[in-house]
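Comments concern the structure below.
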Amino acid sequence: MKTIFTRPDSMTEKVTHYCPGCTHGVAHRMVAEIIDEFGIKDRTLGFAPVGCSVLIYEYMDTDYQQAAHGRAPACATGAKRVRPELIVYTYQGDGDLASIGTAEIIHAANRGEKFTVVFINNAIYGMTGGQMAPTTMPGQRTTTSPMGRDVLSAGHPIRMSEMLSTLRTPAYVVRASLHTPYNIIQSKKALRQAFQYQMDNRCFSFVELLSTCPTNWGITPVGSNKWLEENMLPYYPLGVFKTPDDE
Amino acid sequence: MKTIFTRPDSMTEKVTHYCPGCTHGVAHRMVAEIIDEFGIKDRTLGFAPVGCSVLIYEYMDTDYQQAAHGRAPACATGAKRVRPELIVYTYQGDGDLASIGTAEIIHAANRGEKFTVVFINNAIYGMTGGQMAPTTMPGQRTTTSPMGRDVLSAGHPIRMSEMLSTLRTPAYVVRASLHTPYNIIQSKKALRQAFQYQMDNRCFSFVELLSTCPTNWGITPVGSNKWLEENMLPYYPLGVFKTPDDE
Amino acid sequence: MPSVKVDKDRCKGCEHCVNACPQGVLEMSRDINNKGYFYSFPKNPHKCIGCTMCAIVCPDMAITIKVHGTQYKYFSY
Amino acid sequence: MPSVKVDKDRCKGCEHCVNACPQGVLEMSRDINNKGYFYSFPKNPHKCIGCTMCAIVCPDMAITIKVHGTQYKYFSY
Amino acid sequence: MLNEVTLAGFGGQGIMTTGKFLAEAALEQGHEVAWVPSYGPEMRGGTAYCTVVISDRPVGSPIVNTPNIIVAMNLPSYEKFENAVKPGGLLLINSSLMDVRSERTDITQVHIPCNQISIDLSGSGRSANISVLGALIGCTNLLPWESIERVVTEKFAKKPKVLEMNLKILRRGYDLGVEGLKGS
Amino acid sequence: MLNEVTLAGFGGQGIMTTGKFLAEAALEQGHEVAWVPSYGPEMRGGTAYCTVVISDRPVGSPIVNTPNIIVAMNLPSYEKFENAVKPGGLLLINSSLMDVRSERTDITQVHIPCNQISIDLSGSGRSANISVLGALIGCTNLLPWESIERVVTEKFAKKPKVLEMNLKILRRGYDLGVEGLKGS
Amino acid sequence: MAKLLMKGAEAIGEAAIRAGCTAYFAYPITPQSEVAEYLSKRLAEVGGTFVQAESEVAAAQMVYGAAGAGVRVFTTSSSPGVSLMAETMSYMAGSELPAVFVNIMRAGPGLGGILPCQSDYNQATRGAGHGDYSFMIIAPSTVQELADWMIRAFPLSEKYRNPVMIVGDGLIAQMMEPVDFDAVKAEEMPDVEGWATTGAKNRPRNLINSLFLDPLKLEEFNHHLKEKYERMAREEVRYENYMMDDEPELVCVAYGTTARIVKTAIDVLRAEGLKIGLIRPITLLPFPKDILRAESEKPHVKGFAVVEMSNGQMLDDVKWATLERKPVSFFSRNGGIVPNPEETVEFLRKEYERTQK
Amino acid sequence: MAKLLMKGAEAIGEAAIRAGCTAYFAYPITPQSEVAEYLSKRLAEVGGTFVQAESEVAAAQMVYGAAGAGVRVFTTSSSPGVSLMAETMSYMAGSELPAVFVNIMRAGPGLGGILPCQSDYNQATRGAGHGDYSFMIIAPSTVQELADWMIRAFPLSEKYRNPVMIVGDGLIAQMMEPVDFDAVKAEEMPDVEGWATTGAKNRPRNLINSLFLDPLKLEEFNHHLKEKYERMAREEVRYENYMMDDEPELVCVAYGTTARIVKTAIDVLRAEGLKIGLIRPITLLPFPKDILRAESEKPHVKGFAVVEMSNGQMLDDVKWATLERKPVSFFSRNGGIVPNPEETVEFLRKEYERTQK
Ligand SMILES: Cc1ncc(C[n+]2csc(CCOP(=O)(O)OP(=O)(O)O)c2C)c(N)n1
Ligand SMILES: Cc1ncc(C[n+]2csc(CCOP(=O)(O)OP(=O)(O)O)c2C)c(N)n1
Ligand code: SF4
Ligand code: SF4
Ligand code: SF4
Ligand code: SF4
Ligand code: SF4
Ligand code: SF4
Ligand SMILES: [Mg+2]
Ligand SMILES: [Mg+2]
């Protein structure tokens with residue numbers, strides 16, 4: 001019999017620490033699959049954020065660095081610039097990337113650093129217990145917005161893909177989602193393209209993946225998929241925002 | 001005889017430390033004129049950046065705070081939130097606002113802080129001796145890009161107004177220039193409108209002013225105006241990018 | 001015939017796979033596994049068409065799909 | 001008649017005003033002021049139309065414009 | 001008087017709340033008290049535990065290695081804490097979820113079917129953390145029954161139905177605790 | 001041997017460069033040397049100055065309050081530094097830009113029309129900083145003429161015309177320096 | 001008022017409100033995110049201000065701005081987050097602004113771990129930021145004391161126009177103990193007209209600034225700061241003596257959580273007749289140096305024992321304070337482990353025995 | 001090679017290249033932006049990497065990433081910028097990464113001023129960041145020494161897998177002195193296979209990390225760090241004795257720029273017959289504590305005199321080192337003022353006379 005689907009080679013055997021149904025695991029697996037597909041396990045360097053996915057280095061069987069909260073894009077810049085032969089990516093949550101790390105992601109994108117960013121937007125601070133993120137939906141209750149996010153005082157959610165794609169420097173910027181098989185397949189395509197651009201030394205690549213946090217949303221995993229679809233999708237449209245072929 | 005033009009009341013008598021022809025002085029004066037026009041000298045609070053204009057507090061005869069490099073929008077957030085009756089503005093250079101302070105300006109804008117930002121874009125780090133700024137033009141020689149800004153390694157100049165106006169939170173975002181009388185008049189209008197929105201407690205307001213740095217550009221003041229026109233204007237289009245009435 | 005296998009002790013009982021399977025192959029057990037979760041298992045293995053939907057939604061890499069001979073590729077993934 | 005006055009010792013000699021004046025009123029001196037700059041001065045004061053262009057471009061608040069009676073307002077500033 | 005009580009169970013079993021009720025009742029009785037949770041990078045859904053120190057003097061170390069009372073609500077907790085009970089102390093075991101007996105002879109052990117009590121009186125096992133609170137009081141006399149009853153009453157004051165049910169569960173736990181102690 | 005030379009002038013007068021030439025020549029002569037610029041939040045276009053310490057031993061303090069030689073290229077510099085010259089020291093005054101005489105009797109003063117020399121030989125005053133360098137050597141013998149000539153030659157090696165002119169200016173400065181010292 | 005059973009982190013929030021502080025800016029970080037969670041509710045009730053900042057850098061600058069505007073304001077964080085506040089902390093001391101910072105220390109360096117630790121002692125007392133400044137550093141050891149010092153910290157910071165930092169650890173922030181919020185009386189904020197940027201109405205304008213173009217002025221300012229800190233050292237040293245009345249032979253020095261453990265260990269050893277006492281610094285800065293030096297001169301004192309959750313940071317201060325006249329021994333746990341009473345007893349017993357030789 | 005006349009800031013850049021370091025990340029700040037300006041040219045010539053970072057926070061993290069990738073890398077900044085690196089500095093020690101940091105200190109606190117100062121001594125030696133870590137801190141006092149130590153700093157940081165920081169001030173960065181870049185031989189970088197993230201080719205994967213879930217492991221790691229620092233203290237202390245051979249009665253302690261002034265002052269006073277010597281710490285961490293302690297025991301030493309451009313930071317270390325056995329007097333200028341030889345002479349003369357009473 002032939003195995004047509006199983007845990008990719010580039011992952012360790014460890015069972016993740018993620019909550020049941022948390023889509024971080026799906027994103028991890030796809031990144032590992034791509035590393036397998038491209039056969040670049042021995043020249044890949046990942047950068048872990050601070051966030052639930054800080055332990056991604058436990059699961060990915062490649063060289064890894066753990067960056068300070070929000071600073072993975074700067075950290076990756078340092079490494080990629082001195083070792084351009086490596087395939088470098090950061091894996092970051094929305095608190096990490098869209099809040100404390102805003103300057104670092106924008107400037108890495110603007111310099112056109114030749115690495116890939118996997119951005120997990122789950123509209124919340126997962127690891128620290130469900131505080132409001134810049135990406136939290138209007139009205140969404142979190143531990144620091146107990147009455148729901150008030151756009152008059154906290155503003156509207158930040159759309160990183162839209163913002164980054166205004167930069168003039170060529171880049172690949174795309175948003176996909178992890179809430180259905182179809183969307184996961186699209187996510188995989190986006191990730192593959194992103195790494196491809198890096199392999200071709202073309203440009204900075206940025207893949208935003210809408211993701212769920214059943215625990216801090218307080219919804220079952222399957223219910224979370226639905227919540228994502230109903231609440232996040234309308235505000236965070238999926239699709240390619242920018243490619244290096246633009247202009 | 002009636003005086004129809006002279007130094008505004010809200011300014012001190014001090015002669016500025018700016019280089020001959022530096023347009024910081026023009027921007028200062030217009031802010032002061034607006035404070036005079038609105039009669040808000042006794043309830044205005046300004047925030048000085050770190051940059052050539054750090055000494056703006058010497059010239060403006062109102063309450064002032066001097067913020068850490070790039071952090072004026074956070075600092076102003078603290079003050080405006082606890083004293084909403086004050087008219088608050090930050091005055092920042094492009095190194096300050098578009099480089100080290102990227103996160104702070106984006107999040108203040110995104111929260112919709114009810115203050116005004118006066119952003120002096122002179123495409124260079126003036127104070128520290130002419131290093132490259134995120135806004136430096138492609139090919140422009142600076143002390144840290146001695147061969148001219150190489151977009152392949154430093155990326156293209158960041159257009160802050162364009163980037164900020166992608167945010168969903170209502171705001172007034174406008175770009176004007178200080179290189180001709182006509183443009184100065186437009187700048188003044190933009191500034192007045194920005195303060196007006198704040199007085200009306202409407203929204204965050206952001207005025208980007210294209211400015212010259214004859215010293216570090218190594219061009220005469222009058223030549224600098226021309227350089228701005230020829231090099232900066234095509235890349236930094238003038239106009240209103242966003243108003244709170246949009247959407 | 002495709003074969004779907006769930007690694008019981010990797011499973012965290014999120015039900016994503018059950019929800020994703022177009023064939024109703026999978027179901028949640030009434031037992032708990034060694035981590036204390038109700039796990040998913042192929043209740044109707046014969047119905048499986050090897051589409052891998054269950055596997056691609058599984059965040060825990062608990063599912064392995066094998067096939068005899070060649071398999072129709074439903075999508076490029 | 002409008003009157004344009006340049007505060008010699010505030011002037012830094014940038015020539016913005018000279019460049020901005022539509023009437024050719026201003027010119028740069030051959031003397032230096034107490035800061036060592038060649039300063040601007042109204043060479044042809046009688047030509048001044050009180051348009052304030054020179055003043056609004058002056059970064060050093062060196063220029064004061066006065067008028068007798070009412071003055072046509074060229075623009076809202 | 002110094003009592004150090006460690007309560008341990010699954011993450012969702014409500015054992016932290018049980019500890020808080022205990023601490024509140026002790027406070028109301030005028031004791032010095034400290035409630036110390038386990039926190040840390042443990043896996044989600046793993047064991048959770050807290051320690052309640054009840055004393056006549058200001059509480060010194062809130063870190064307790066050998067509490068004199070341990071409540072084990074599930075097997076992993078039992079395994080983790082069985083040996084920690086101070087000699088002469090009490091080990092309260094939720095017999096609904098495990099069928100074990102400690103072989104230690106220097107401690108008292110009491111077996112209470114906490115989930116069963118809850119299921120019997122409410123149809124679900126969710127209030128096992130209330131029954132164990134009753135049982136704990138029943139077999140220790142740590143605090144007067146009334147004080148515990150009062151705290152529980154306050155907590156559920158806004159939901160009379162839930163309150164009534166919980167009081168019953170609390171009482172049944174208490175009664176079984178009193179008995180269990182005799183039987184041990 | 002320890003010579004401490006402070007050179008002061010307008011921001012754009014090239015006085016920092018003069019100091020560097022001096023330092024380089026001293027280095028070439030095998031002396032220990034330090035060149036210390038003024039830096040700081042001074043107004044743009046204000047006074048700039050630097051100090052060159054030339055010594056036979058490693059240079060200790062590069063901060064010099066009372067240099068034995070001071071070159072004042074403009075009035076503000078003169079005013080700032082006149083009193084700082086060490087008794088017995090030398091004050092070199094650019095007489096092109098000021099008409100002053102120090103009333104100090106414990107120092108030597110030499111007046112050299114630095115700008116004039118430059119204007120005479122090149123049509124502009126821009127090389128006043130070169131003429132003053134020549135003058136400085138001429139009236140102090142701080143370093144051999146050849147060493148200064150060599151440094152200047154190297155610096156302008158790529159622009160033969162400029163070099164030629166500057167060497168003339170340097171020499172005229174030197175000659176006037178030698179004379180000026182006599183005359184003082 | 002009746003005592004409330006409260007988590008340390010929540011008590012911080014509540015005490016701040018009781019202290020009359022209604023402005024709080026912070027960025028979440030374990031193990032003290034509960035302060036923000038608590039205040040996001042409570043400040044809304046009292047009409048106060050809470051902004052979840054985009055980072056600790058921004059949170060600290062928001063505190064700077066609000067403090068400059070003359071209101072009571074504070075922030076809380078934990079080790080890595082506090083490091084990010086270093087520049088602003090220096091700015092605040094340099095601009096003479098009152099405010100309260102709380103560091104619920106976790107184990108470092110780097111990302112380290114989230115469990116209790118005391119390894120930011122050096123950072124707190126020697127200034128994370130650049131320049132000649134210090135904060136006053138206070139280390140409570142119970143939730144009650146934490147609340148009390150929160151209430152006292154604001155007026156103290158206003159007295160000196162210098163920030164005050166309260167340091168604790170995950171244990172004190174996460175545990176619940178009874179708190180009486182009336183134990184310490186809140187004080188009104190003194191008049192801020194003279195310096196705060198509240199709008200220059202009927203007064204000359206005010207300026208919040210730490211830039212000095214004239215080095216002589218900056219030197220003068222630094223001398224002024226020095227005098228403030230010297231005054232603080234004279235007036236604000238606080239410490240607790242525990243079992244120090246009967247000429248103890250071994251003097252322990254410990255603060256915060258470890259001091260509690262040491263107390264329990266001393267109780268055990270006292271019951272055995274060992275004469276051991278504890279000096280618990282409450283203010284880590286100003287440090288009770290003179291107290292310890294005086295102790296070191298007493299003939300009955302045979303040695304000192306420092307217990308810390310660090311590699312020995314306060315240890316150095318104790319060595320200097322006592323001029324190493326008597327042996328200073330050291331027991332520590334690190335990495336997030338709180339020393340337990342048993343091992344502490346063992347350590348102290350051994351040290352005590354040594355002093356008897 | 002012939003000596004070159006060079007600005008300190010440029011010598012930093014050139015020396016780094018001579019040391020085999022071709023990666024530099026920084027953000028401009030006076031008075032050391034010339035390093036970046038110099039290297040933006042020079043690194044292009046040698047095919048190296050220079051990125052002007054968006055901030056000091058980012059610059060430090062770029063250093064972290066590049067160091068983790070196993071290359072020689074450094075950054076430079078000045079006081080406020082260094083404060084912003086605090087978190088990353090802690091991370092780097094926590095991840096055991098070699099790299100070189102340079103702090104050209106300016107006057108603080110806050111924005112302060114740009115003139116020379118030494119008031120970041122505490123920050124440098126006590127760790128700006130959180131946790132139990134330190135950098136090795138080196139304080140050259142001439143441009144030559146600055147270049148020499150730049151060349152030595154890289155191998156030192158690799159020996160300990162711990163960052164090394166060089167501290168100077170605006171005077172040393174802005175002045176020109178002759179430099180011989182061959183005075184110190186550059187050393188090759190040792191093999192990084194075992195730990196650097198260079199791609200896991202033919203080896204198990206490497207991980208750069210400072211997070212520990214298990215507190216016991218983190219404790220163990222902290223003990224490991226402690227041992228490293230103790231070894232450093234045994235092996236790396238460097239200092240200079242100046243006029244210390246003939247039993248001086250007054251021993252000065254000063255480093256960097258102030259040490260130069262003190263030397264000149266000593267020369268003046270020696271000419272008058274006053275027996276004064278100087279111990280100049282070259283490594284501020286490890287501090288030459290034992291040397292000073294030994295000095296304090298010598299009967300001919302009547303007192304110590306510390307000269308610093310700060311309110312007295314190293315002063316405390318000298319007091320502790322000497323156990324205050326002899327009076328420790330202090331002279332300082334602050335705010336950007338470098339003490340001049342004359343006032344230093346006066347101070348030392350007075351102190352010397354005092355020791356004679
Ligand atoms: C400097 C610093 N600040 C704050 C924290 C605490 N912290 C850890 S993870 C996190 C946010 C996590 O949220 P996100 O990035 O969205 O990741 P998620 O857990 O949702 O995947 C925060 C604030 C930290 N570790 N370091
Ligand atoms: C934390 C910190 N980093 C760097 C500096 C140095 N610095 C002062 S001003 C400045 C940039 C000035 O450029 P810009 O903001 O464009 O203002 P301009 O002078 O051009 O008006 C820098 C980098 C500083 N003071 N603080
Ligand atoms: S807290 Fe949320 S993001 Fe984190 S592991 Fe759980 S579900 Fe995933
Ligand atoms: S350096 Fe540039 S920005 Fe600064 S004052 Fe001079 S001209 Fe203006
Ligand atoms: S492979 Fe397809 S049909 Fe088979 S179990 Fe999985 S989802 Fe169902
Ligand atoms: S998706 Fe995976 S983890 Fe979830 S229930 Fe199915 S097999 Fe289990
Ligand atoms: S007011 Fe108008 S016309 Fe008169 S001098 Fe000025 S610019 Fe010229
Ligand atoms: S614009 Fe002002 S400063 Fe410039 S030359 Fe005219 S008067 Fe002088
Ligand atoms: Mg998230
Ligand atoms: Mg600028």
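This is a predicted model, so every value here is computed, not measured. To find a chain, count down the sequence lines: A is the first, B the second, and so on, and within it residues start at 1.
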Counting only non-hydrogen atoms closer than 4.5 Å, does [X] touch chain G with its backbone (N, CA, C, O), its side chain (CB onward), both, or neither?
{"X": "H:Q313", "value": "side chain"}
{"X": "H:S95", "value": "neither"}
{"X": "H:K217", "value": "neither"}
{"X": "H:R325", "value": "neither"}

Report summary line: Among residues 123-132 of chain G, those lying within the under-4.5 Å heavy-atom range of chain H are G:Q123, G:R126, G:G127, G:A128, G:G129, G:H130, G:G131, G:D132
Give, for atom [atom1] of [X] and atom [atom2] of [Y], the distance between the pair rounded to the nearest 0.5 Å.
{"X": "H:E324", "Y": "G:E324", "atom1": "CD", "atom2": "CD", "result": "11.0 Å"}
{"X": "G:L323", "Y": "H:W320", "atom1": "CG", "atom2": "CH2", "result": "11.5 Å"}
{"X": "G:N122", "Y": "H:N122", "atom1": "CG", "atom2": "CG", "result": "9.5 Å"}
{"X": "G:K289", "Y": "H:D316", "atom1": "NZ", "atom2": "CG", "result": "6.5 Å"}

Show the nearest heavy-atom pair for residues [X] and [Y], with the distance to one decimal.
{"X": "G:A86", "Y": "H:A86", "result": "CB-CB, 4.3 Å"}
{"X": "G:L218", "Y": "H:G112", "result": "CD2-C, 3.7 Å"}
{"X": "H:G108", "Y": "G:N222", "result": "O-ND2, 3.1 Å"}

Query - chain H contacts, top residue of G:S332, G:S119, G:G94 (heavy-atom pairs, under 4.5 Å) - result: G:S119
Report task. Flag the one option from G:G113, G:S310, G:G336 with the top tally of heavy-atom pairs under 4.5 Å to chain H. Result -> G:S310
Query - Check: G:I337 and H:L216 side chains under 4.5 Å, non-hydrogen atoms - result: yes
Query raised in the report: Is a donor on one side and an acceptor on the other found under 3.5 Å between the side chain of G:E219 and the backbone of H:N334?
Result: yes
Requested in this report: Please confirm whether the backbone N or O of H:P109 pairs with a side-chain atom of G:S90, one donor and one acceptor, at under 3.5 Å?
Outcome: no
Query - Partners passing ring-ring contact (aromatic ring centres under 6.0 Å, His included) against H:Y229 (at least two apart in sequence or in another chain) - result: none
Query - Pair H:H223-G:N311, side-chain contact (heavy atoms from CB on, under 4.5 Å): steps then yes or no - result: CA-CA 7 Å; H:H223 290 161; G:N311 277 347; 3.9 Å; yes
**Report entry** Region of G:R106 in contact with chain H, defined by heavy-atom distances below 4.5 Å
**Finding:** neither
